[in-house]
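Step one of this worksheet: look at the structure below.
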Amino acid sequence: MTPSTVTILPSVFYFGTPVALLSTLGPDGTANITPISSAWALGDMYVLGLGVGNQGTQNVLHTEELVINLADAALASSIERIAPTTGATDIPSAKQGRYRHASDKWRLGGLTPVPSIHVAPPRVAECPVQLEARLVKVVPLGDGNEAVAAHVRIIACHVHDGLAVPGTNHIDLDRWQPLYYTFRHYFAQGERVGVSFKAEQ
């Protein structure tokens, strides 16, 4: 029997995407952190959905360097502490009333910057996966005044000790517990329910 359906219009279409913390450098050299939930990968490329009014977006467009720090479930409360903040001293009109300026998101979130190897922005030590990247191109979304799709290339991947399968370039999937953002709620990854035929043995 075919399931019946209803037509709805959600306010957002966040059916479930990984949470990332972008670390970037501002014009004055200050390291900034921007939580995002619109990101996907293909090969060594990542596509990031970024709001134009975000300080992190402006930093990426200016320096063309960033680190994509992938969070796990243990970091949900840290991320939520910095989520309603902005590194911009002049808060964009679209954010006024809901966001506040924070000069040090690292301290606010209880997060630790550690030096990167190939790019200037630091990595977030607490994130189990840290991807150094460089900007390749920017594609406006809609009229380009609200959001862009930033295409970036991964040039280095760092993972916590114990997360990589020894002697391989593989992530231990029984240990990796990424944090997901689903309809503005945080979820931990559930149990494994299958394996793709493309999975490497």
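A donor-acceptor contact shorter than 3.5 Å links the side chain of Q130 to the backbone of V124. At least one donor-acceptor pair under 3.5 Å links the side chain of R81 to the backbone N or O of L108. In terms of modelled atom types and a separation under 3.5 Å, the side chain of H160 and the main chain of A125 share a donor-acceptor contact. W176 places no side-chain N or O within donor-acceptor distance of the main-chain N or O of D72, the cut-off being under 3.5 Å. Of the possible polar contacts, none joining the E146 side chain to the D143 backbone as a donor-acceptor pair under 3.5 Å is found. Distance alone, capped at 3.5 Å, is enough to place a donor-acceptor pair between the R123 side chain and the P115 backbone. Panel note: side chain S116, backbone P121; a donor-acceptor pair is recorded below 3.5 Å. Checked by atom type and distance alone, the side chain of H170 never pairs as donor or acceptor with a backbone atom of A164 at under 3.5 Å.
In this structure, W40 and L48 have side chains that are not in contact, with every pair of non-hydrogen atoms separated by 4.5 Å or more. Considering only heavy atoms from C-beta on, V152 comes within 4.5 Å of I68 through its side chain.
When all heavy atoms of I79 and P35 are compared, the pair lying nearest together is CG2-CB, 4.1 Å. For A39 against I36, the heavy-atom pair with the smallest separation is CB-CD1, 4.3 Å. Residues A120 and L25 come closest through the heavy atom pair CB-CD1, 3.5 Å. The shortest heavy-atom contact between W106 and A31 is NE1-O, 3.0 Å.
N32 and S23 share no side-chain donor-acceptor pair at under 3.5 Å. No side-chain N or O of T57 forms a donor-acceptor pair with one of N59 less than 3.5 Å apart. Counting only N and O atoms by type, the side chains of S78 and E126 include no donor and acceptor under 3.5 Å apart.
To the nearest 0.5 angstrom, Q55 atom CD is 10.5 Å from H62 atom NE2. Note that CZ of F187 is 10.5 Å distant from CG of L179, once rounded to the nearest 0.5 Å. Distance OG1/T85 to CG/D104: 10.0 Å, rounded to 0.5 Å. L61 CG to L135 CG: the interatomic distance, rounded to the nearest 0.5 Å, is 6.5 Å. Expressed to the nearest 0.5 Å, how far CG of L22 lies from CG of L66 amounts to 6.0 Å.
Listed by chain and number, the residues in a side-chain contact (heavy atoms from CB on, under 4.5 Å) with Q189 are Q177, P178, Y180 (sequence neighbours excluded).
Partner of E132 under the side chain to side chain donor-acceptor pair (under 3.5 Å) criterion, out of H158, R153, H118: H158 alone. V67 pairs with exactly one of I33, V119, T24, L21 by the side-chain contact (heavy atoms from CB on, under 4.5 Å) rule, that one being V119.
Within the structure, salt bridge (charged side-chain N to carboxylate O under 4.0 Å, His left out) contacts touching residues 46-67 (residues at least two apart or in different chains) are E65-R134. Screening residues 171-181 for salt bridge (charged side-chain N to carboxylate O under 4.0 Å, His left out), with sequence neighbours left out, gives D172-R175, D174-R192.
Here the two rings, on F15 and F183, have centers that are under 6.0 Å apart.
The environment of D161 atom CG is sparse: at most 12 non-hydrogen atoms of other residues, nucleotides or ligands sit within 6.0 angstrom.
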